Amino acid sequence: MFTIATWNINSVRLREALVARLLTEEAPDILCLQETKSPVEHIPLEAFRALGYNYFVARGQKGYNGVAILSKLPIEDAGDRDYAGLGHARHVAARLENGVTVHNFYVPAGGDIPDREQNLKFGQKLDFLTEMRDVFHADRPARAIMVGDLNIAPREDDVWNHKALLKIVSHTPVEVEHLAAAQDAGKWVDVTRKDIPQGMLYSWWSYRARDWDAADKGRRLDHIWATPDIANAGHGSRILRPVRGWQQPSDHVPVLANFDL
DNA sequence: ATGGTGGATCCTCCA
């Protein structure tokens, strides 16, 4: 059995101590980070190595984006793809010794206006999702897990108020449709919702709320999916809401799942 | 309806 976690850290250099705290308290075998906001060579690895995370695969750039995979289990670099040709570090993959491939994604947020005619970034988000669909369709993944900040809350119970968010980027029908097409193309199973089918689930709360905990205007933007051949091995999903209350937190919290593989 | 916060870097962009 191994545990995998995904967390949009919003600067791994600023929050090195928070990463170390998660690794100490939860000890996932694999931690996938997004928004590292750092060139790979400047990611602080010593504290993570000291905790047993001796394996590391990442892509980065200065100031923006960036994805990394820290692992206690041996992994090898399984490449990346520049989805939508943006030149951003938003995807990296790793392979475990048992043959499982882990994809770590950071889907573009998409700006504020949900219209590709008025907002270039929204179109780029849709194009990114369309290319995910096409890649999964052309080469159907097997024995694969895909995690990350997908920047879409697909279900009505993945947001604090479905009706109020229908025109808010991250929950518009067109985004949900594009995400569903990518999910369907790979036959991906939403492991978090397989394990927790009922009830409101959030993994992100805005920095802009006066009191994020009391207002509780959250969204489930961070996901763990698996291909059908291994999806039933996934269990014990959880979202670590208290992490949002840590000192100088990320606006996202870790999402975890176990796999009996 | 609006503005609210946070991070990195450049003198503003992105979320």
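Sequence lines set the chain letters: A, B, ... in the order given, protein chains first and strands last, and positions in each chain run from 1. Just so it is clear, the structure is predicted and the values come from calculations on it, not from any experiment.
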Checking B:dG7, B:dC10, B:dA15 against the side chain of A:Lys37 (C-beta onward), the nearest is B:dG7
Comparing A:Ala109 with A:Thr36, nearest DNA chain B nucleotide closer to 5' gives the residue A:Thr36
* Check whether any side-chain N or O of A:Gln248 sits under 4.0 Å from OP1 or OP2 of B:dG7, and answer yes or no. => yes
**Report entry** Connected via hydrophobic side-chain network under 4.5 Å: A:Trp188 and A:Tyr83
**Finding:** yes
>> With a cut-off of less than 4.0 Å, is there a side-chain N or O of A:Arg244 near OP1 or OP2 of B:dG6?
In response: no
Separation of B:dC13 atom C1' from A:Asn119 atom CG, nearest Å, is 14 Å
- Task: Inspect the contact between A:Asp157 and A:Arg193 and indicate whether a charged nitrogen and a carboxylate oxygen are less than 4.0 angstrom apart.
- Result: yes
* To do: Inspect the contact between A:Asp216 and A:Arg241 and indicate whether a charged nitrogen and a carboxylate oxygen are less than 4.0 angstrom apart.
  => yes
| said: Heavy atoms only, 4.0 Å cut-off, all strands: where does A:Arg219 land among base, sugar-phosphate and nothing? | reply: nothing
note: A:Arg208, atom CZ; B:dG7, atom P; distance rounded to Å ~ 13 Å
Quiz item: So, is the end of the A:Arg90 side chain (NZ or CZ) under 6.0 Å from the ring centre of A:Tyr106 and within 45° of the ring's axis?
Solution: yes
Q) When you compare B:dT5 with B:dT9, how far apart are their P atoms, in angstrom units rounded to a whole number? A) 22 Å
Note: for A:Ser206 and A:Glu35 on DNA chain B, the residue whose nearest nucleotide lies more 5' is A:Ser206
* For atom P, what is the distance between B:dC10 and B:dG6, given to the nearest Å? -> 23 Å
Atom CG of A:Asp211 and atom P of B:dT5 are separated, to the nearest Å, by 14 Å
To the nearest angstrom, the CG-C1' distance between A:Asp213 and B:dT5 comes to 17 Å
Rounded to whole Å, the CZ-C1' distance (A:Arg15 to B:dA8) equals 12 Å
Regarding the side chain of A:Arg13, the nearest nucleotide among B:dC14, B:dT9, B:dA15 is B:dT9
From CD1 of A:Ile113 across to P of B:dA1 the rounded distance in Å is 15 Å
**OP:** Indicate whether the side chain of A:His252 and that of A:Asn10 have a donor and an acceptor atom separated by less than 3.5 Å.
**Re:** no
* To do: With P as the reference atom in both, quote the distance from B:dA1 to B:dC13 in angstrom, rounded to an integer.
  => 26 Å
Separation of B:dA15 atom P from A:Tyr64 atom OH, nearest Å, is 9 Å
Picking from B:dC10, B:dA8, B:dA15, the nucleotide nearest the side-chain atoms of A:Lys62 would be B:dC10
A:Ile9 atom CD1 is separated from B:dC14 atom C1', nearest whole Å, by 17 Å
Original post:
With rounding to whole Å, what would you report as the distance between B:dG3 and B:dA15 at their C1' atoms?
Top reply: 15 Å
